[in-house]
Amino acid sequence: KQEVTQIPAALSVPEGENLVLNCSFTDSAIYNLQWFRQDPGKGLTSLLLIQSSQREQTSGRLNASLDKSSGRSTLYIAASQPGDSATYLCAVLHYGGATNKLIFGTGTLLAVQP
Amino acid sequence: NAGVTQTPKFRVLKTGQSMTLLCAQDMNHEYMYWYRQDPGMGLRLIHYSVGEGTTAKGEVPDGYNVSRLKKQNFLLGLESAAPSQTSVYFCASSGSGKNIQYFGAGTRLSVL
């Protein structure tokens, strides 16, 4: 059974710091991995999607890497800002037979202090 | 550009009551999904649909029913609500099974 783990569960950093969020998964049979952002009381916003054949994706200050063989992904946030404060979720699109399943981690709650 | 819209945003039910959550998407997506999000559990798939008129069970389908009579709408029903169904419910849609899923803002449901 595919399991997705995110460490740490919570992180607090001062503004301007670079930081790394971690995601690990137990089964390498995935189509892609996605990173989402969730603001309190809101839905999920997709940040980056990495296909299983790719090693990394970049969008602005965000860089996500994928090492499928070791079951790991990292989300790197450069020059963090208070507006980056949110919960970050990773999810793997797992081979599910008839239909593929998006399996989520429990998230990392990030607080960027001004 | 509405995307995925969920109604209602909040609801309080008594045990045994029924209700229907509505999800509407305006992106002409084939796939639609219902998830629930509970503390420490992450998002779990309840039911999903790969096209109009089709539905299938996800990871935690018990106590829920769904219908996809129109391509743009996906309904989630609770026939007899239980306190264990207190959760935040999210609807999502995607163009295919491998594409990015777009999420609604969620429905906070409390069952007393």
Side-chain angles (χ1 to χ4, degrees), chain A residues 1-10 21 23-27 29-54 57 59 62 64 86-109, chain B residues 1-10 21 23-25 27 29-51 54-61 68 87-109:
Chain A
K1 180 184 176 183
Q2 178 73 272
E3 293 183 358
V4 180
T5 303
Q6 292 186 246
I7 296 174
L21 306 181
C23 173
S24 61
F25 49 95
T26 56
D27 189 336
I30 65 171
Y31 279 117
N32 58 51
L33 183 144
Q34 299 179 48
W35 283 94
F36 294 87
R37 169 185 173 137
Q38 184 176 23
D39 293 285
K42 301 293 178 67
L44 281 67
T45 301
S46 182
L47 297 173
L48 289 165
L49 181 149
I50 312 176
Q51 300 292 349
S52 62
S53 58
Q54 296 176 316
Q57 279 286 339
S59 176
L62 305 180
T87 297
Y88 290 81
L89 299 166
C90 75
V92 297
L93 189 62
H94 179 70
Y95 294 143
T99 302
N100 308 312
K101 303 291 195 301
L102 196 58
I103 310 295
F104 285 84
T106 53
T108 293
L109 177 60
Chain B
N1 188 7
V4 179
T5 303
Q6 292 182 232
T7 53
K9 289 183 169 50
F10 304 93
L21 282 65
C23 177
Q25 52 95 4
M27 296 173 282
H29 284 166
E30 290 292 336
Y31 286 61
M32 296 187 74
Y33 314 82
W34 276 107
Y35 294 89
R36 61 178 288 173
Q37 184 177 35
D38 301 291
M41 300 288 289
L43 276 83
R44 293 179 292 169
L45 183 65
I46 305 171
H47 286 280
Y48 62 97
S49 168
V50 301
T54 71
T55 63
K57 295 180 179 179
E59 182 184 0
V60 287
R68 183 100 181 268
S87 186
V88 182
Y89 292 86
F90 288 101
C91 175
S93 71
S94 64
S96 77
K98 298 181 185 180
N99 285 11
I100 290 175
Q101 293 185 18
Y102 295 88
F103 283 76
T107 295
R108 289 186 177 276
L109 175 66

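Computed from a prediction, not measured in an experiment: that's the story for all the values here. Atom set for the values below is all heavy atoms of this structure, side chains included, hydrogens, waters and symmetry mates excluded. Convention: sequence-line order gives letters A, B, ...; per-chain numbering from 1.
Every side chain to side chain donor-acceptor pair (under 3.5 Å) that A/Q54 has, sequence neighbours left out, goes to A/Q57.
Neither the backbone nor the side chain of B/R44 comes within contact range of chain A; no heavy atoms are under 4.5 Å apart. With a threshold of 4.5 angstrom between heavy atoms, A/L89 approaches chain B through side-chain atoms but not through N, CA, C or O. Contact of B/E59 with chain A is made through the side chain alone, with heavy-atom distances under 4.5 Å. Using a 4.5 Å cut-off between heavy atoms, A/Q38 contacts chain B through its side chain alone, with no backbone atom that close.
Proximity of a side-chain donor or acceptor of A/T87 to a complementary backbone N or O of A/L109 within less than 3.5 Å is not detected.
B/L43 is listed as a side-chain neighbour of B/F90, based on a closest heavy-atom distance under 4.5 Å. The shortest distance between side-chain heavy atoms of A/Q34 and A/F36 falls below 4.5 Å.
Annotation: residues 42-49 of chain A contacts chain B through A/K42, A/G43, A/L44, A/S46, A/L49 [non-hydrogen atoms, separation under 4.5 Å].
At a cut-off of 3.5 Å, with distance as the only test, no side-chain donor of B/Y33 or B/S49 sits close to an acceptor on the other residue. A donor-acceptor pair shorter than 3.5 Å cannot be found between the side chains of A/S52 and A/N32.
Ring to ring, B/H29 and B/Y102 are close: their centroids are under 6.0 angstrom apart.
Salt bridge A/D27/A/K1: absent, no basic N to carboxylate O contact under 4.0 Å.
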